[in-house]
Amino acid sequence: MMLLEYFARLALLLPLLGGLIWGSLKLTRYLQTRMVGQMGAAGRHLELVETSLIAPGMRLAVVRFHDREILLGASRQGLVRLGEAPARAAESAQ
């Protein structure tokens, strides 16, 4: 009898726990995308323009900093500045 009660509780609580984990992941992803949109807000000097995944753990990123666009290489070991150019005018249509 006690084993049946254990399995009944397990059958009820495991889907509840899975739903909570899934919901927290969705909420975290939603909040992260909202925060990225606010990074270019007034008063900020650093803006992430574009990123591109090269290989697992390796990424290229273009950031705008003080009217300059800087190409960065990002890996698990750190960041490397690959190039720099004057910032382009803001593109209205992408």
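Positions are given from 1, in the same order as the sequence printed here.
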Exercise. Which value, rounded to the nearest 0.5 Å, describes the distance between L31 atom CG and K26 atom NZ?
Worked result: 13.0 Å
Problem set entry | Between OG on residue S52 and CG on residue L71, distance to nearest 0.5 Å | 10.0 Å
For this session: Work out which heavy atom in L53 is nearest to a heavy atom in A55; give both atom names and the distance.
Result: CD1-O, 3.3 Å
Exercise. Between V49 and R88, what is the shortest heavy-atom contact and its length?
Worked result: CG1-NH2, 4.4 Å
For this session: Just jot down the side chain to side chain donor-acceptor pair (under 3.5 Å) partners of T51, sequence neighbours excluded, or say none.
Result: none
Check which hydrophobic residues are tied to [X] through side-chain heavy-atom contacts below 4.5 Å, counting indirect links as well, and list them.
X: M2; result: none
X: Y6; result: L3, F7, L10, L14
X: I21; result: L17, L25

Quick one: are [X] and [Y] in side-chain contact, heavy atoms under 4.5 Å?
X: I70; Y: R81; result: yes
X: E84; Y: E69; result: no
X: L72; Y: V63; result: yes

Under 4.5 Å between side-chain heavy atoms, hopping through other hydrophobics if needed: is there a path connecting [X] to [Y]?
X: V62; Y: L48; result: no
X: W22; Y: Y30; result: no
X: L82; Y: I54; result: yes

Exercise. Can you list every salt bridge (charged side-chain N to carboxylate O under 4.0 Å, His left out) pair that touches residues 48-61, not counting sequence neighbours?
Worked result: none
Seminar exercise, completed: Residues passing the salt bridge (charged side-chain N to carboxylate O under 4.0 Å, His left out) test with R76, sequence neighbours excluded, are none
Exercise. Which residues satisfy the salt bridge (charged side-chain N to carboxylate O under 4.0 Å, His left out) test with R9, sequence neighbours excluded?
Worked result: E5
Problem set entry | Residues that L79 engages under side chain to side chain contact (heavy atoms under 4.5 Å, CB included), provided they are two or more places apart | A74
